Amino acid sequence: MTGQRGHKYRDELYATHIGSAQKLSLFNGDRAWDLAGGRALPDSIPEEIRAQILKFDRRFASHLAVHVLDPGTLAYGLSDSPVGMFAWILERWASWSDNNGDIENVFSKDDILTHATIFWVNNAIETSMRVYANVNRYPWTPAHNRWPVIEAPTGITFVGYENPPGITTENRVQNFLGSERCLTVRIAVVGEALPPAYSCRS
């Protein structure tokens with residue numbers, strides 16, 4: 001949603017910030033729940049990298065699959081059970097954060113319970129999940145054909161812990177800078193020592 005605002009409403013924004021550099025069309029297509037798009041891993045991949053890729057996929061596979069394909073059914077159960085809802089979101093915080101095996105290294109109990117309570121008292125778990133299905137059912141289409149796609153000045157945070165196997169944060173930064181998404185950007189890199197500002201390549 002933030003990227004779409006930067007794309008469509010450039011003149012109404014001072015700037016925007018996004019927590020990743022995903023393309024606005026990420027969830028377009030028939031296999032939006034599959035980060036590999038149905039492609040098998042090449043046999044030439046070293047075994048260590050293969051194992052890391054499979055581990056990376058498992059962190060997100062169930063989340064993406066059910067959120068894209070069947071969020072409503074799961075939402076009935078999570079909206080009816082505070083324990084079920086809490087277990088669902090806690091598993092994500094635990095597996096997606098760089099916590100060295102203890103979630104309280106990055107989130108206090110107060111933080112965790114506050115966020116869970118916000119979901120519960122507002123009955124917000126379904127709407128937070130359904131957005132995945134909606135962006136697939138109603139694929140993103142550009143509002144204009146200007147380059148780059150996101151024209152508003154943009155800040156991005158790259159988190160080194162989220163790097164795919166075999167990909168460095170510098171790889172991700174350079175990929176973004178050479179893409180159609182880049183105009184005026186300041187990039188903060190978490191987890192690696194890189195310069196704080198970059199220039200887009202034309």
Side-chain angles (χ1 to χ4, degrees), residues 1-6 13-22 26-27 33 35 51-68 70-135 153-173 176 185-198:
M1 289 183 282
T2 304
Q4 172 68 349
R5 285 196 295 270
L13 299 173
Y14 290 109
T16 187
H17 177 269
I18 53 180
S20 69
Q22 304 294 351
L26 175 66
F27 289 107
W33 68 90
L35 292 176
Q52 291 174 7
I53 290 172
L54 293 174
K55 181 179 179 181
F56 183 85
D57 281 349
R58 290 186 182 112
R59 283 171 55 195
F60 303 104
S62 66
H63 181 86
L64 290 174
V66 74
H67 282 50
V68 171
D70 197 18
T73 303
L74 177 63
Y76 284 121
L78 300 186
S79 297
D80 189 57
S81 168
V83 173
M85 186 211 71
F86 185 66
W88 183 258
I89 59 179
L90 184 63
E91 191 281 332
R92 277 131 189 82
W93 289 335
S95 65
W96 294 357
S97 61
D98 189 8
N99 57 49
N100 293 317
D102 183 356
I103 193 171
E104 288 192 75
N105 285 329
V106 290
F107 302 113
S108 70
K109 285 187 174 73
D110 281 346
D111 289 335
I112 295 167
L113 293 173
T114 297
H115 281 85
T117 301
I118 290 170
F119 275 104
W120 181 254
V121 300
N122 293 292
N123 196 24
I125 193 70
E126 180 179 14
T127 53
S128 73
M129 294 162 53
R130 184 166 293 279
V131 67
Y132 291 76
N134 285 345
V135 296
T154 302
I156 303 171
T157 300
F158 284 99
V159 180
Y161 176 71
E162 296 176 350
N163 291 343
I167 304 297
T168 67
T169 305
E170 179 66 18
N171 294 149
R172 292 171 64 198
V173 169
F176 178 83
V185 64
R186 178 168 292 273
I187 298 174
V189 179
V190 178
E192 294 187 21
L194 289 174
Y198 294 80

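Computed from a prediction, not measured in an experiment: that's the story for all the values here.
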When rounded to the nearest 0.5 angstrom, what is the spacing between [atom1] in [X] and [atom2] in [Y]?
| X | Y | atom1 | atom2 | value |
| --- | --- | --- | --- | --- |
| Leu74 | Trp88 | CG | CH2 | 5.0 Å |
| Met129 | Asp70 | CE | CG | 8.5 Å |
| Ile125 | Ser79 | CD1 | OG | 7.5 Å |
| Trp96 | Ile103 | CH2 | CD1 | 12.0 Å |
| Asp111 | Glu104 | CG | CD | 10.0 Å |
| Met85 | Leu90 | CE | CG | 10.0 Å |

Subject >> By side chain to side chain donor-acceptor pair (under 3.5 Å) - contacts of Asn99 (at least two apart) >> reply: Ser97

Subject >> Partners meeting side chain to side chain donor-acceptor pair (under 3.5 Å) with Lys55 (sequence neighbours left out) >> reply: none

**OP:** Could you tell me whether the side chain of Asp80 and the main chain of Tyr76 form a donor-acceptor pair under 3.5 Å?
**Re:** no

Determine the minimum heavy-atom distance between [X] and [Y], stating which atoms define it.
| X | Y | answer |
| --- | --- | --- |
| Tyr161 | Ser95 | OH-O, 3.5 Å |
| Trp120 | Leu78 | CZ3-O, 3.5 Å |
| Trp93 | His115 | CH2-CB, 3.3 Å |
| Ala116 | Phe86 | CB-CD1, 3.5 Å |

Original post:
What pairs with Phe56 under ring pair (Phe, Tyr, Trp, His ring centres under 6.0 Å), at least two apart in sequence or on another chain?
Top reply: Phe60

**OP:** For Tyr132, enumerate each residue passing the ring pair (Phe, Tyr, Trp, His ring centres under 6.0 Å) test, keeping only those at least two apart in sequence or located in another chain.
**Re:** Phe27, His63, His67

**OP:** Test Ser108 against every option in Val106, Asn105, Ile112, Asp110 by the side-chain contact (heavy atoms from CB on, under 4.5 Å) rule and name the one that passes.
**Re:** Asp110

**OP:** Applying side chain to side chain contact (heavy atoms under 4.5 Å, CB included), name anything that partners Ile167, two or more places apart in sequence or on another chain.
**Re:** Pro164, Asn171, Arg172

**OP:** Please lay out, stage by stage, how His17 and Thr2 fare under the test side chain to side chain donor-acceptor pair (under 3.5 Å).
**Re:** CA-CA 7 Å; His17 177 269; Thr2 304; over 6 Å; no

**OP:** If a pair satisfies salt bridge (Lys or Arg N to Asp or Glu O under 4.0 Å) and one of its residues is in residues 123-134, list it, with sequence neighbours excluded.
**Re:** Glu126-Arg130

